[in-house]
Amino acid sequence: MTAANSIARPHPTRRRILLSTGTLATAALAGCLGSGGPDDEAAEPVDLTEGQECDVCGMTIADHFGPAGQVFYADGEPEDRDGPARFDSVAELLVFHAEREARGWEKRATFVTDYSSVEYDLLEGDDRLHISTHAAAEDFADATELHYVADSEVHGAMGEDFLPFSDREEAEAFAEEYGGEVLGWGELS
């Protein structure tokens, strides 16, 4: 997709260093505590930049705007792959998960793009403002610990979406500039 205008939102390198250090420490601790079975191992985000498709709409995740997401389930679900269910929007992730939860699937971990940890762009196109996608493994954070901007004028792959930030002040500043409200994971629907 080609955008008419691009607005860069740089973020300090220090944040990436802190995020990487925290991820390594968490992975090391998880390795020490787990008993070795796949359901006991701590789930880690995977890279979604190699042509993976969204499990709801079938669109190639890396080719579209907005936050990406992934959900790891217990008992080898989804059965057709080794890895998480994948999404090109937080909104689709939420719908998919609610349907699977109703079927008795047990969630192990949920990760979404953390816009506080990446240098994102806001792009004008189709008479809307879109946010860039970031789907490398290091771009994801635990979805339950993030702050989400809902109902902003900035869109993702499927239109309006929930835009995740680990830094609440950044989420609030984004909402102030582009509209919307800041919600926690438990408030999303």
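Not measured: the values here are computed from a predicted model.
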Which atom pair, heavy atoms only, marks the closest approach of [X] to [Y]?
X	Y	answer
Ser166	His147	O-CD2, 3.5 Å
Gly69	Leu48	O-CD1, 3.7 Å
Ile61	Thr133	O-OG1, 4.0 Å
Pro164	Pro67	CD-CB, 3.8 Å
Glu170	Ser116	OE1-OG, 3.1 Å
Pro78	Ala85	CD-N, 3.9 Å

Of all residues at least two apart in sequence or in a different chain, which pass the side chain to side chain contact (heavy atoms under 4.5 Å, CB included) check with [X]?
X	result
Glu153	Leu129, Tyr178
Ala157	Met59, His64, Asp88
Glu172	Arg168, Val182

- Message: Does Glu187 have more than 12 heavy atoms from other residues, nucleotides or ligands lying within 6.0 Å of its CD?
- Response: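 Above 12, so yes.
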- Message: Does Glu99, at its CD atom, have more than 12 non-hydrogen atoms belonging to other residues, nucleotides or ligands within less than 6.0 Å?
- Response: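 For Glu99, atom CD is crowded (more than 12 foreign heavy atoms under 6.0 Å).
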Taking the side chain from [X] and the backbone from [Y], do they hold a donor-acceptor pair closer than 3.5 Å?
X	Y	answer
Asp126	Arg128	no
Asp161	Leu163	no
Asp139	Thr113	no
Ser89	Met158	no
Asp55	Arg86	yes

Calculate, to the nearest 0.5 Å, the distance between atoms [atom1] and [atom2] belonging to [X] and [Y] respectively.
X	Y	atom1	atom2	value
His134	Tyr120	NE2	OH	9.5 Å
Thr144	Phe111	OG1	CZ	9.0 Å
Asp47	Gln52	CG	CD	6.5 Å
Leu93	Gln70	CG	CD	9.5 Å
Leu94	Leu188	CG	CG	5.5 Å
Ile131	Ser152	CD1	OG	8.0 Å

Heavy-atom check, side chain of [X] versus side chain of [Y], under 4.5 Å:
X	Y	result
Phe96	Glu92	no
Val95	Val56	no
Val71	Phe87	yes
His97	Lys107	yes
Tyr115	Val149	no
Phe162	Leu146	no

- Is there a side-chain contact (heavy atoms from CB on, under 4.5 Å) between Val154 and Phe65 once you walk through the steps? CA-CA 10 Å; Val154 179; Phe65 298 115; over 6 Å; no
- Query: Parallel, tilted or perpendicular: which fits the ring planes of Tyr148 and Trp185, with parallel below 30° and perpendicular above 60°?
  - Reply: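 Rings of Tyr148 and Trp185: tilted, 30 to 60°.
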- Taking the inter-plane angle between the rings of Phe174 and Phe165 on a 0 to 90° scale, is it parallel (under 30°), tilted (30 to 60°) or perpendicular (over 60°)?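 Tilted: the ring planes of Phe174 and Phe165 meet at 30° to 60°.
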